[in-house]
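Data first, discussion second: the structure below is written as structure tokens.
Quick note: numbers below take in every heavy atom, side chains included, and nothing from hydrogens, waters or symmetry partners.
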Amino acid sequence: MGKPEQRGEEGSAGAAESGARGTARPTGGLLAHRVPDLGALELLLAVARLGSLGAAARELGITQPAASSRIRSMERQLGLALVDRSPRGSRLTDAGALVTDWARRVVEAAEAFDAGAQALRDRRDSRLRVAASMTIAEYLLPGWLIALRARRPDTAVSLLAGNSAMVAERLLNDAADLGFVEGLSVPAGLDSAVIAHDRLIVVTAPGHPWARRRRPLDAAELAATPLILREKGSGTRQVLDAALGGLARPLIELSSTTAVKASAVSGAGPAVLSELAVGEELSLRRLVNVPVQGVALRRDLRAVWPTGHRPTGPARDLLSLTRCRTP
């Protein structure tokens, strides 16, 4: 009697273990394993409406063998016979008719879900808020935005120009969808992609003593000279300060590249500006490029966005345009 009892206990233990395995939550959730996918439900609805598996397959753009396979797979998944097939066509079983009623409600809910998601995409795609550092805003973004308009004519774009700190603040406060900065590093809380490179150069009016120098400036002399500078927080100033290890007290402190350039042209003093910003003034000899030795003034230009939120819609399109249209 002992052996049968022992076998019974082992059997109970095995059944319990098997039951535990059977009730474990499948990867992907219970519904994903127990409810047919939308494609199968749409096929069942088409069979019910057309009375033919072949006609349903043609309407959905699949082969009849593929349709038959999908129906059989759904029947196995549900453990129910859904369709009776005969030379005269396909007829729903009683269970199939009931499942079809449920399927119709599921598909209608899915259609409402899809329409709602499309409405959200349309609302997102109707506008694009861009925040950019001054040099990028003034000298690169106009061309990118013209190209974006050709691709997305119905998207309204707003652009706010400021320094790199302002760009980060706008993005982190959800007041901008995409930003562009010129500083040395990526502000905290943002992801980035390098989209271009830029070089800072020292410029003066033709009448300034530096315009007649025969030897380049060195880093120490540049650092010790009061300059016309952008405000603290600007990418240009960050790069210059880091490259020189500190700056003299500014001669003038201004909040835009255009203002700095105009002051330099007027003869107020030397300035350090993006090469992108002074091409015309150099060619017309309104400004002179003063060579500098012993210091690297090259910087990366970056697109930035909140960490973990890769750009989508118009922001994604603008990001792709920056990479193929940067001079």
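F113 places none of its side-chain heavy atoms less than 4.5 Å from the side chain of E108. I195 places none of its side-chain heavy atoms less than 4.5 Å from the side chain of R302. Side chains of L301 and T322 form no contact here, defined as non-hydrogen atoms less than 4.5 Å apart. Side-chain contact between P187 and L190 is present, with at least one heavy-atom pair separated by less than 4.5 Å. When side chains are defined from C-beta on, L227 counts as touching L222, because their heavy atoms get closer than 4.5 Å. Annotation: side chain of E253 is in contact with side chain of R237 (closest heavy-atom distance under 4.5 Å). Using a 4.5 Å heavy-atom cutoff, the side chains of I71 and L53 are in contact. Residues L141 and V130 meet the side-chain proximity criterion, which asks for heavy atoms closer than 4.5 Å.
Side-chain atoms of D241 come within 3.5 Å of backbone atoms of G246 as a donor-acceptor pair (strictly under, hydrogens ignored). Remark: the backbone N or O of A268 is not paired with any side-chain donor or acceptor of S263 at under 3.5 angstrom. Panel note: side chain R213, backbone R215; a donor-acceptor pair is recorded below 3.5 Å. The main-chain N or O of A277 is found under 3.5 Å from a side-chain atom of K261 such that the two form a donor-acceptor pair. E75 places a side-chain N or O within donor-acceptor distance of the main-chain N or O of L82, the cut-off being under 3.5 Å. When atom types are taken as modelled, the side chain of R310 and the backbone of R316 share no donor-acceptor pair closer than 3.5 angstrom. Checking side-chain atoms of S234 against main-chain N and O of N163 turns up no donor-acceptor pair under 3.5 Å. In terms of modelled atom types and a separation under 3.5 Å, the side chain of S90 and the main chain of R85 share no donor-acceptor contact. Within the 3.5 Å criterion, the main-chain N or O of Q64 finds a donor-acceptor partner in the side chain of S68. D300 places no side-chain N or O within 3.5 Å of a backbone atom of E182 that could act as its donor or acceptor partner.
The 12-atom threshold is not exceeded at CD of E280, counting heavy atoms of other residues, nucleotides or ligands nearer than 6.0 Å. No more than 12 heavy atoms of other residues, nucleotides or ligands sit less than 6.0 Å from atom CD of E169.
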Legend entry - Verdict with reasoning, H197 to R299, per side chain to side chain donor-acceptor pair (under 3.5 Å): CA-CA 6 Å; H197 304 285; R299 61 180 177 175; over 6 Å; no
Inset, instruction - Begin with the C-alpha distance, continue with both residues' side-chain angles, and end with the deciding distance and a verdict on salt bridge (Lys or Arg N to Asp or Glu O under 4.0 Å) for D174 and R129. - result: CA-CA 10 Å; D174 193 29; R129 303 165 300 166; 3.6 Å; yes
Inset, instruction - Quick one: do L229 and V260 satisfy side-chain contact (heavy atoms from CB on, under 4.5 Å)? Show the steps, please. - result: CA-CA 7 Å; L229 293 174; V260 172; over 6 Å; no
Inset, instruction - In sequence, state the C-alpha distance, the side-chain angles, and the governing distance for S52 and R91, and then conclude on side-chain contact (heavy atoms from CB on, under 4.5 Å). - result: CA-CA 8 Å; S52 165; R91 183 183 64 83; over 6 Å; no
Inset, instruction - Test D198 against S274 for side chain to side chain donor-acceptor pair (under 3.5 Å), laying out the working first. - result: CA-CA 7 Å; D198 184 27; S274 165; 2.7 Å; yes
Inset, instruction - Using the side-chain contact (heavy atoms from CB on, under 4.5 Å) rule, take D191 and V304 through it: C-alpha gap first, then chi angles, then the decisive distance, then the call. - result: CA-CA 6 Å; D191 288 339; V304 289; over 6 Å; no
Inset, instruction - Could you check V288 against W210 for side-chain contact (heavy atoms from CB on, under 4.5 Å), going step by step and ending with a plain yes or no? - result: CA-CA 9 Å; V288 176; W210 281 4; over 6 Å; no
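Separation of atoms CG (D37) and CD (E42) is listed at 9.0 Å; rounding is to 0.5 Å. The CG atom of D177 sits 10.5 Å away from the CG atom of L318 when rounded to the nearest 0.5 Å. Distance CG/D84 to CG/L92: 9.0 Å, rounded to 0.5 Å. For the atom pair R70 CZ and L60 CG, the distance stands at 8.0 Å (nearest 0.5 Å). Within the model, atoms CZ of R127 and CG of D154 stand 16.0 Å from one another, a figure rounded to the nearest 0.5 Å. Within the model, atoms OG1 of T155 and CG of D317 stand 8.0 Å from one another, a figure rounded to the nearest 0.5 Å.
Listed by chain and residue number, R121 satisfy the side chain to side chain contact (heavy atoms under 4.5 Å, CB included) test with D114 (two or more places apart in sequence, or in another chain).
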Identify each donor-acceptor pair in which a side-chain atom of residues 94-102 lies under 3.5 Å from a protein atom, sequence neighbours left out, and give them as a table.
{"residue": "T100", "atom": "OG1", "partner": "G96", "partner atom": "O", "Å": "2.6"}
{"residue": "D101", "atom": "OD1", "partner": "R104", "partner atom": "NH1", "Å": "3.2"}

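The two residues L244 and A219 make their nearest non-hydrogen contact at CD2-O, 3.8 Å. Scanning all heavy atoms of the two residues, the minimum distance from G267 to A205 falls at CA-CB, 3.8 Å. Taking each heavy atom of R34 and L78 in turn, the nearest pair found is O-CD2, 3.8 Å. Of all heavy-atom pairs between S133 and S164, the closest is OG-OG, 3.1 Å. What you find for G207 and R212 is that their closest heavy atoms are O-NH1, 3.4 Å. Smallest separation of non-hydrogen atoms from A243 and A296: CB-O, 3.6 Å.
A continuous path of hydrophobic side-chain contacts links L140 to L319 [ILVMFWY only; heavy atoms under 4.5 Å]. Tracing side-chain contacts under 4.5 Å through hydrophobic residues (I, L, V, M, F, W, Y), one never reaches L297 starting from I201; they form parts of separate clusters. Two different hydrophobic clusters hold L43 and L50 under the rule that ILVMFWY side chains link at heavy-atom gaps under 4.5 Å. Hydrophobic clustering, with ILVMFWY side chains joined whenever heavy atoms are under 4.5 angstrom apart, keeps L251 apart from L247. Transitive grouping of hydrophobic side chains (ILVMFWY, heavy atoms separated by less than 4.5 Å) keeps V107 and V35 in distinct clusters.
Identified under the salt bridge (Lys or Arg N to Asp or Glu O under 4.0 Å) test for residues 135-150, with sequence neighbours left out: none.
Checked against the 6.0 Å centroid threshold, F180 and W144 count as a close aromatic pair.
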